[in-house]
A.B. asks: 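Okay, here's the structure, questions in a sec.
Computed from a prediction, not measured in an experiment: that's the story for all the values here. One-based numbering, in listed order, for ligands and for the atoms of each.
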Amino acid sequence: MRTKILKLTNTKNPRSLNSKLKSSAKIIRSGGLVVFPTETVYGIGANGLDAKAVKKIFIAKGRPSDNPLIVHIADEKDLSLLVRSIPQKAKVLMKKFWPGPLTIILKKKSGVPSSVTAGLDSVAIRMPSNKIARSLIRLAKTPIAAPSANLSGRPSPTSAEHVITDLAGRVDMIIDGGQTKIGLESTVIDLTTKVPTILRPGKITLAQIKKVIGSVKLHKHKQNSKISKARSPGMKYRHYAPNAKLFVIKGNKNKVRNEIIKLVKQFKKQKSRVGIISFNYSNYRADLVKFFGKNYLLAAKSLYSTLRDFDKKKIDIILCESIPKKDFGLAIMDRLERAAGKNVIEII
Ligand code: TXA
Ligand code: MG
C-alpha cells in the first residue's frame with residue numbers, strides 16, 4: 001500500500017485546515033486508515049462504527065485482537081452513538097477535562113462493533129483537544145477508533161517520523177502535525193465499576209480527578225498476566241519498549257547514583273553500549289546521557305523519542321533513575337516500569 005503523507009503545520013485557519021483534511025476524512029468514511037496527531041501521541045484511526053475498517057487497525061499494528069480501542073469523538077452529541085446513558089460522574093469529568101487527555105470507559109451501546117471493544121460490554125471514549133484530530137473527526141462524520149500509531153510493543157509515536165518508521169506502507173495516510181504536546185497516552189478511567197478506577201495514569205492526575213468526583217482508586221496491573229480477560233486488556237502486554245534492555249533503579253537518590261555508576265562499569269566490561277536517563281544527576285559518564293532534571297513535563301514529552309533515539313544510536317542497555325510516583329510522576333514511572341518489564345532494581 002502506498003502511504004500518503006500530509007504535512008499540516010499551520011492549523012490557525014479553520015477553513016483551510018478543513019479543506020486540507022477533506023481527503024483524509026474521505027479515507028476514513030470509505031473504510032481506510034489515517035494516522036493523525038493528538039495532544040498525547042499519534043493515533044491510527046478508522047471509522048469506529050465499521051467493524052471491517054477497525055479490523056485493519058489490528059492488522060496494521062500487529063495488535064492482539066483482545067486489546068480494545070479508544071473511540072475518539074469531536075462533540076458531546078457523538079456520545080449517543082456509543083453509549084446508552086451518561087452517568088453523573090462522567091458528565092462532571094467531561095465538563096472539566098474534555099476536550100483533553102482523559103479517556104472514560106462506559107457501558108457500550110450495541111451498535112459499537114465488538115472488534116472495537118474486544119468483546120467487552122464497555123467502550124473507552126475520548127475527546128481530544130488537538131485541532132487536527134477534532135476537525136478530522138467532524139469531517140469524517142463518525143467517531144474514530146484509534147490506538148497509538150506504533151507497531152505493537154514499540155514506544156508510542158510522538159512525531160510523524162516515529163509513525164513513518166513503524167507504519168509506512170501499512171496505512172493510507174499519515175497526517176504530520178509536528179511533535180505532540182504531552183507525549184504520554186491519556187489517563188484511562190473506568191466508570192463502570194462501583195468506585196471509579198484509573199486503569200492507566202496520565203497527564204490528568206488521580207488528585208485532579210478525585211477533586212471533581214470524590215473517591216477513585218488506582219488499578220494495579222500484573223504485568224504479563226496470563227489472565228486473558230484482564231481489567232484493561234492492553235495493560236498486560238509488554239509495552240512502550242525500546243530494543244535496548246531498560247533497567248529502572250529505585251531507592252535513595254545517592255545510592256541509585258552509585259549503583260548506576262557501578263552498573264555502567266560492569267556493562268562496559270561486557271562491551272555493551274550504555275545509555276542513562278536521569279532526573280537527579282547530569283554528570284554521568286556513559287555512551288549517551290539524557291538528563292531531564294525535575295522538568296517532568298519535558299521528560300514526558302520526550303520520553304518515547306528518547307527511547308527511540310537510544311535504539312537508533314545502538315545503545316544496548318539503558319539505566320534509568322526513578323522519580324516519586326506522585327502527580328504526573330506516576331504516569332512517567334508507569335511507562336518506564338512497563339518498558340523495563342522485570343528489570344526494576346530496588347536499592348535498599
Ligand atoms: O492518548 C491516548 O489514549 C492515545 C491517543 C491516540 O488517543 N491512544 C492510546 O490507545 O493510547 P491505546 O490503544 O494504545 O491504549 C488504549 C488503552 C489500552 O490499554 C486498552 O486496553 C484500554 O485503553 N481500553 C480500551 N477500551 C477499554 C475497555 N472497554 N475496558 C478497559 N480498558 C480499555
Ligand atoms: Mg498503545
Side-chain angles (χ1 to χ4, degrees), residues 34-46 48 54 57-58 60-73 82-83 97-109 112-130 132-134 136-137 143-158 162-163 166-167 175 177 180-193 196-204 219 221 223 225 228-241 300 304 331 334-335 338-339:
V34 175
V35 173
F36 60 97
T38 81
E39 67 279 21
T40 56
V41 300
Y42 277 76
I44 168 172
V54 167
I57 295 179
F58 288 88
K61 274 193 65 136
R63 182 178 176 106
S65 60
D66 66 348
N67 191 359
L69 309 179
I70 296 173
V71 181
H72 297 69
I73 60 172
L82 306 171
V83 298
F97 299 113
W98 277 8
L102 179 71
T103 296
I104 302 177
I105 295 175
L106 298 171
K107 286 260 177 269
K108 80 170 188 109
K109 222 175 177 175
V112 182
S114 69
S115 49
V116 170
T117 61
L120 298 173
D121 63 354
S122 59
V123 58
I125 308 169
R126 172 161 115 79
M127 187 193 288
S129 64
N130 180 287
I132 296 173
R134 296 260 295 290
L136 177 68
I137 301 165
I144 296 185
S148 50
N150 49 285
L151 282 176
S152 207
R154 299 275 301 141
S156 292
T158 54
H162 301 160
V163 177
D166 280 16
L167 296 178
I175 304 172
T180 60
K181 250 202 207 140
I182 296 173
L184 293 188
E185 306 83 351
S186 61
T187 306
V188 177
I189 184 164
D190 188 349
L191 289 188
T192 67
T193 47
T197 313
I198 292 181
L199 299 179
R200 180 173 72 185
K203 177 71 182 24
I204 293 176
H219 185 67
H221 300 276
Q223 196 158 31
S225 115
S228 65
K229 286 268 186 255
R231 271 296 297 289
S232 186
M235 305 306 272
K236 74 175 189 265
Y237 296 104
R238 182 163 183 258
H239 235 213
Y240 315 110
Y304 291 142
D334 170 77
R335 306 310 192 271
R338 221 172 277 291

A.B. asks: Using a 4.0 Å cutoff against the non-hydrogen atoms of N67, which atoms of ligand 1 qualify?
C.D. replies: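 Counting atoms of ligand 1 from 1, those under 4.0 Å from N67 are 18 (C), 20 (C), 21 (O).
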A.B. asks: Distance under 4.0 Å to a non-hydrogen atom of S148: what atoms of ligand 1 satisfy this?
C.D. replies: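 That gives atoms 8 (N), 9 (C), 10 (O), 12 (P), 14 (O) of ligand 1.
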A.B. asks: So, do W98 and I104 sit near enough that their side-chain heavy atoms are less than 4.5 Å apart?
C.D. replies: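 In contact.
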A.B. asks: Using side-chain contact (heavy atoms from CB on, under 4.5 Å) as the criterion, point out the one residue from I70, L69, I105, V83 that pairs with V123.
C.D. replies: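 Filter result, single survivor: V83.
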A.B. asks: Could you walk me through whether S186 and T103 pass side-chain hydrogen bond (donor to acceptor under 3.5 Å, both in side chains), step by step?
C.D. replies: CA-CA 6 Å; S186 61; T103 296; 2.8 Å; yes
A.B. asks: Check ligand 1 against I70 and write out every atom of the ligand that is under 4.0 Å from a heavy-atom position of the residue.
C.D. replies: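 What qualifies from ligand 1 is 3 (O), 8 (N), 9 (C), 10 (O), 16 (C).
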A.B. asks: Less than 4.5 Å apart, any side-chain heavy atom of Y304 and any of E185?
C.D. replies: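 Yes. Closest side-chain heavy atoms under 4.5 Å.
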A.B. asks: Please say whether T38 places an N or O atom under 3.5 Å from an N or O atom belonging to ligand 1.
C.D. replies: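 Looking only at distances, the answer is no, because the N/O contact criterion of under 3.5 Å is not met.
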A.B. asks: So K61 and R154, do their side chains get closer than 4.5 Å, heavy atoms only?
C.D. replies: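 No - every pair of side-chain heavy atoms lies 4.5 Å or more apart.
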A.B. asks: Hey, which atoms in ligand 1 end up nearer than 4.0 Å to a heavy atom of T40?
C.D. replies: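 Those qualifying, in numeric order: 1 (O), 2 (C), 4 (C), 5 (C).
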A.B. asks: Give yes or no for whether the N/O distance cutoff of 3.5 Å, strictly under, is met between R126 and ligand 1.
C.D. replies: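 Indeed, backbone or side chain, R126 has an N or O that close.
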A.B. asks: Can you find an N/O atom of K61 closer than 3.5 Å to an N/O atom of ligand 1?
C.D. replies: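 The answer is no, given that K61 and ligand 1 share no N or O pair closer than 3.5 Å.
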A.B. asks: Give the minimum heavy-atom separation between G177 and I132, together with the two atoms involved.
C.D. replies: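 Shortest heavy-atom separation between G177 and I132 comes out as CA-CD1, 3.9 Å.
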A.B. asks: Going by salt bridge (charged side-chain N to carboxylate O under 4.0 Å, His left out), name the pairs with one or both residues in residues 112-128, residues two or more places apart or in two chains.
C.D. replies: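 Qualifying pairs: E39-R126, K107-D121.
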A.B. asks: What are the atoms of ligand 1, with element, lying closer than 4.0 Å to any heavy atom of L69?
C.D. replies: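 Counting atoms of ligand 1 from 1, those under 4.0 Å from L69 are 25 (C), 26 (N).
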A.B. asks: Based purely on interatomic distance, does R63 place a nitrogen or oxygen under 3.5 Å from a nitrogen or oxygen of ligand 1?
C.D. replies: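 Looking only at distances, the answer is yes, because the N/O contact criterion of under 3.5 Å is met.
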A.B. asks: What do you reckon, is NZ of K203 surrounded by more than 12 foreign heavy atoms closer than 6.0 Å?
C.D. replies: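 Open.
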A.B. asks: Is S148 close enough to the Mg ion (ligand 2) to have an N, O or S atom under 2.8 Å?
C.D. replies: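 True for S148.
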A.B. asks: Using a 4.0 Å heavy-atom threshold (strictly under), name the region of L199 that reaches ligand 1: side chain, backbone, both or neither.
C.D. replies: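 The part of L199 near ligand 1 is the side chain, not the backbone.
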A.B. asks: Which atoms of ligand 1 have any heavy atom of S186 under 4.0 Å away?
C.D. replies: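 Once the distances to S186 are compared, the set is 1 (O), 2 (C), 3 (O).
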A.B. asks: Within ligand 1, which atoms have a heavy atom of H72 less than 4.0 Å away?
C.D. replies: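 Within the 4.0 Å cut-off of H72, ligand 1 contributes 5 (C), 6 (C), 7 (O).
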A.B. asks: If we ignore hydrogens and angles and just use 3.5 Å, is the side chain of T38 paired with the main-chain N or O of T40 as donor and acceptor?
C.D. replies: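 Side chain of T38 to backbone of T40, a donor-acceptor pair under 3.5 Å: yes, one is there.
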A.B. asks: Provide the number and element of each atom of ligand 1 under 4.0 Å from a heavy atom of L120.
C.D. replies: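 That gives atoms 28 (C), 29 (N), 30 (N) of ligand 1.
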